[in-house]
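Take a look at the structure set out below.
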Amino acid sequence: MDQTSVTVGPDHGPDNSYCGSRPWTRQQLLWVQTMDQTSVTVGPDHGPDISYCGSRPWTRHQLLWVQTMDQTSVTVGPDHGPDISYCGPSSFVPFQTTPTTFGDLRAANGHSAQRRRVTSGPPPSGLQDWLHTFQAWSGPERLLALDELIDSCESNQVKHMMQVIEPQFQRDFISLLPKELALYVLTFLEPRDLMHAAQTCSYWRILAEDNLLWREKCREEGIEEPLVVKRRKTLKPGFLHSPWKSAYVQQHRIESNWRTGDITSPKVLKGHDDHVITCLQFCGDLIVSGSDDNTLKVWSALTGKCLRTLVGHTGGVWSSQMSGNIVISGSTDRTLKVWDAESGECVHTLYGHTSTVRCIHLHDKQVVSGSRDATLRLWDVDSGECLHVLTGHVAAVRCVQYDGRRVVSGGYDFMVKVWDPETETCLHTLQGHTNRVYSLQFDGAYVVSGSLDTSIRVWDVVTGGCVHTLTGHQSLTSGMELKNNILVSGNADSTVRVWDIRTGQWEWIRDLVALQSGGSGGVVWRIRASNTRLVAAVGSRNGTEETKLVVLDFDLTDTHK
């Protein structure tokens, strides 16, 4: 043979040879087209024309079974198809193929074969003969031999094999994918896992900061607004920190502060002297407290200063609601009053109840009031008109909730009732408490009721069934806040506790407020909470605890300040 001669041998069909002046390359030899079952052609566009026709059919597998003997020789062996051989000078042009052995794979990955050698001494005698014997076996024979070999190995030897093999098959598939596909893969990660993934490398860090990706994660968590933060050091020019990710991180920190974070020194607001704070509202940066001293006070949650005092009731104020600058109060003088919190002016006085207005709840432009006369009334805030009257309780109505569709009320008759205000009918009577019901929360799906029997009950509003009974407080639960299945309860045992109503178990418990006079007269009368703050009205009737408002802030970031 010479560098321009290729022969298909006679053992597998008629001699068919080509001689020409142009050298072959390895890539040209492997550019094979199967014309039919018994015909093979190396096309003229890719190298010298060569074809074979014979009586024995070819297979694609046989055609591509190639062994590289050295840099200038390529052979298709007779065991796998007709003989085709090429020999030429060192000018033979190699090309990159898929690695066929593990050594090839290591070399392709840029790893030196010496890196895996053990240093236990010189190689054993006969090693090369053993390797040649192994290489002479067929594929199935090699697999069988490997199975037997692994079974004969000790655990440290198998571990050594794993340490050598596993790294060669590890791939940073995220970096290999187009950016759009990589981001799509990352959408399946939970936010916490996504933040861990960002620590893998700089490219993952850039991908994991994608603003649209974090916008979707925030929406899944109920976060509706991005957070604009101060400019920070960037990884590279053009890199931007995601405002949506910042919003998620801030929310996560706030939740952690609620659960386990350090509590900063609370703001203490004093102004009702030694009177009882009977009701409490919190909206934005304004706090409104009502007292049996016949007044309401408007406070700044930021500074702790009393901004104004609302005067007009002729009896103690026992209930209140707030929306924006509108404050509504109910009193022992049997009226409701609508106030402008900015000016302190009384806009309306609503008449109709025949006894103390003990509870009210505002939704949009309508307010529901409950009274010691055992009735509930639905009012229009703008006109002051009474729209509906709900009757069915046999004792004072102590607490009420309204979501614009259903009214839920609790009373001294130990009952919780669910109403349709438009038809003025009672849909469910929830029975289970063994004493007066003092507080309620309602999120449209669940009703949570707190009672003098020391228990808190969770009810399904559709079926009327009791889902969970939460026990642990030692006295009546006089105030509660419910959001996203997390319940904060204030109790006359001088504690504030946090619950998960989905399980009925104490996923975690934390005494956010614990009075030093607890057990000797100190009481948490009312609580209100926002996403970032908790306001508790505390005091005592025997003088052991000073009447005051305690404000805890769980957002310690500069943006909140």
Are any side-chain N or O atoms of Ser331 and backbone N or O atoms of Arg334, one a donor and one an acceptor, separated by less than 3.5 Å? no

Modelled atom types, side-chain donor and acceptor of Asp493 and His473, under 3.5 Å: yes

Can you find a pair of side-chain heavy atoms, one from Leu378 and one from Cys386, that are under 4.5 Å apart? no

Does atom CD of Gln163 have more than 12 heavy-atom neighbours from other groups under 6.0 Å away? yes

Any pair counted as side chain to side chain donor-acceptor pair (under 3.5 Å), so long as it reaches residues 177-189, sequence neighbours left out: none

Would you name the heavy atoms of Val461 and His428 that are closest together and state the gap between them? O-CD2, 3.3 Å

For Arg502, is there an ion pair with Asp500 - N to carboxylate O distance below 4.0 angstrom? yes

For Trp339 and Asn325, does a side-chain donor sit closer than 3.5 Å to a side-chain acceptor? no

Less than 4.5 Å apart, side chain to side chain, heavy atoms only: is that true for Thr454 and Gln474? no

Kindly compute the distance separating OH (Tyr402) from CD (Gln366), expressed to the nearest 0.5 Å. 4.0 Å

Within the distance-only criterion (no hydrogens, no angle test), does the side chain of Asp293 pair as donor or acceptor with the backbone N or O of His275 below 3.5 angstrom? no

Expected output: side-chain Glu545 to main-chain Ser540 donor-acceptor under 3.5 Å: no

Go through it in stages, so that I can follow the logic: the residues are Val467 and Trp459, the test is side-chain contact (heavy atoms from CB on, under 4.5 Å), and I'd like the CA-CA distance, side-chain angles, deciding distance and then a yes or no. CA-CA 5 Å; Val467 179; Trp459 314 82; 5.9 Å; no

dist His272:NE2 -> Thr295:OG1 (nearest 0.5 Å) comes out at 5.0 Å

Verify, without hydrogens or angle tests, whether Asp193 (side chain) and Leu189 (backbone) share a donor-acceptor contact under 3.5 angstrom. no

Any donor-acceptor N/O pair, His388 side chain to Arg377 backbone, under 3.5 Å: no

Inter-residue atom distance Tyr351.OH - Asp333.CG, 0.5 Å rounding: 8.0 Å

Would you check if Val407 and Val400 make a side-chain contact, meaning some heavy-atom pair closer than 4.5 Å? yes

Worked verdict on Lys217 versus Asp210 for salt bridge (Lys or Arg N to Asp or Glu O under 4.0 Å): CA-CA 11 Å; Lys217 295 300 179 185; Asp210 184 79; over 6 Å; no

Heavy atoms only: give me the nearest Ser355-Ser371 pair and the separation to one decimal. O-OG, 3.3 Å

Check this for me: Arg215, atom CZ, are more than 12 non-hydrogen atoms of other residues, nucleotides or ligands nearer than 6.0 Å? yes

Listing, residues 431-440 side-chain donor-acceptor contacts under 3.5 Å, not counting sequence neighbours, or none:
from	atom 1	to	atom 2	distance (Å)
His433	ND1	Asp453	OD2	3.1
His433	NE2	Ser449	OG	2.7
Ser439	OG	Thr477	O	2.8

Show the numbers, then the answer: is there a side-chain hydrogen bond (donor to acceptor under 3.5 Å, both in side chains) between Ser329 and Lys337? CA-CA 5 Å; Ser329 58; Lys337 287 186 179 290; over 6 Å; no

Measure the spacing between CD of Glu345 and CG of Asp340 and express it to the nearest 0.5 Å. 6.5 Å

Intermediate values then yes/no, side-chain contact (heavy atoms from CB on, under 4.5 Å), Leu376 and Val389: CA-CA 6 Å; Leu376 297 108; Val389 179; over 6 Å; no

Give a yes or no on this: more than 12 heavy atoms of other residues, nucleotides or ligands lie within 6.0 Å of atom CG of Asp460. yes

Under 4.5 Å between any side-chain heavy atoms of Val338 and Val381, yes or no? yes

Sub-3.5 Å donor-acceptor pair from the side chain of Ser291 to the main-chain atoms of Ile277, do we have one? no

Does Arg398 come within less than 4.0 Å of Asp413, counting only side-chain N to carboxylate O? no

Using modelled atom types and a 3.5 Å cut-off, is there a donor and acceptor pairing between side-chain atoms of Gln401 and backbone atoms of Val408? no

Which heavy atom of Val357 sits nearest a heavy atom of Ser369, and at what distance? CG1-CB, 4.0 Å

Check against side-chain contact (heavy atoms from CB on, under 4.5 Å), Phe442 and Val418: CA-CA 10 Å; Phe442 176 44; Val418 181; 6.0 Å; no

Nearest 0.5 Å, please: how far is CG in Leu470 from OG in Ser489? 8.0 Å

Glu209 and His241 have their tightest heavy-atom pair at OE2-CA, 3.3 Å

What are the two closest heavy atoms between Leu207 and Leu213, and how far apart are they? O-CD2, 4.1 Å

Pair Tyr248-Trp214, ring pair (Phe, Tyr, Trp, His ring centres under 6.0 Å): steps then yes or no: CA-CA 8 Å; Tyr248 177 86; Trp214 278 103; 5.5 Å; yes

Determine yes or no for a side-chain-to-main-chain donor-acceptor pair under 3.5 angstrom, with Asn211 supplying the side chain and Ser242 the backbone. no

Rounded at 0.5 Å granularity, tell me how far CG in Asn294 sits from OG1 in Thr332. 6.5 Å

Check whether any side-chain heavy atom of Ile326 lies under 4.5 Å from a side-chain heavy atom of Ile328, and answer yes or no. yes

Answer yes if the side chains of Thr429 and Lys417 hold a donor-acceptor pair under 3.5 Å, and no otherwise. yes

Is it true that a side-chain atom of Gln321 and a backbone atom of Leu362 form a donor plus acceptor pair closer than 3.5 Å? yes

Which word best sums up how the rings of His393 and Trp419 line up, parallel for under 30°, tilted for 30 to 60°, or perpendicular for over 60°? tilted

So do the side chains of Lys548 and Leu269 get within less than 4.5 Å of each other, counting heavy atoms only? no

Decide yes or no for Phe554 and Asn531: does some side-chain heavy atom of the first lie under 4.5 Å from some side-chain heavy atom of the second? no

Side chain to side chain donor-acceptor pair (under 3.5 Å) pairs, two or more places apart, involving residues 299-311: Ser289-Trp299, Lys297-Thr309, Ser300-Thr303

In sequence, state the C-alpha distance, the side-chain angles, and the governing distance for Thr354 and Arg372, and then conclude on side-chain contact (heavy atoms from CB on, under 4.5 Å). CA-CA 8 Å; Thr354 59; Arg372 281 182 176 164; over 6 Å; no

Less than 4.5 Å apart, side chain to side chain, heavy atoms only: is that true for Val498 and Leu487? no

If you look at every heavy atom in Thr503 and His468, which pair is closest and at what distance? O-CE1, 3.3 Å

Donor-acceptor contact present, side-chain Arg497 to main-chain Gly472, <3.5 Å: yes

Worked verdict on Trp525 versus Thr278 for side-chain hydrogen bond (donor to acceptor under 3.5 Å, both in side chains): CA-CA 7 Å; Trp525 283 319; Thr278 56; over 6 Å; no

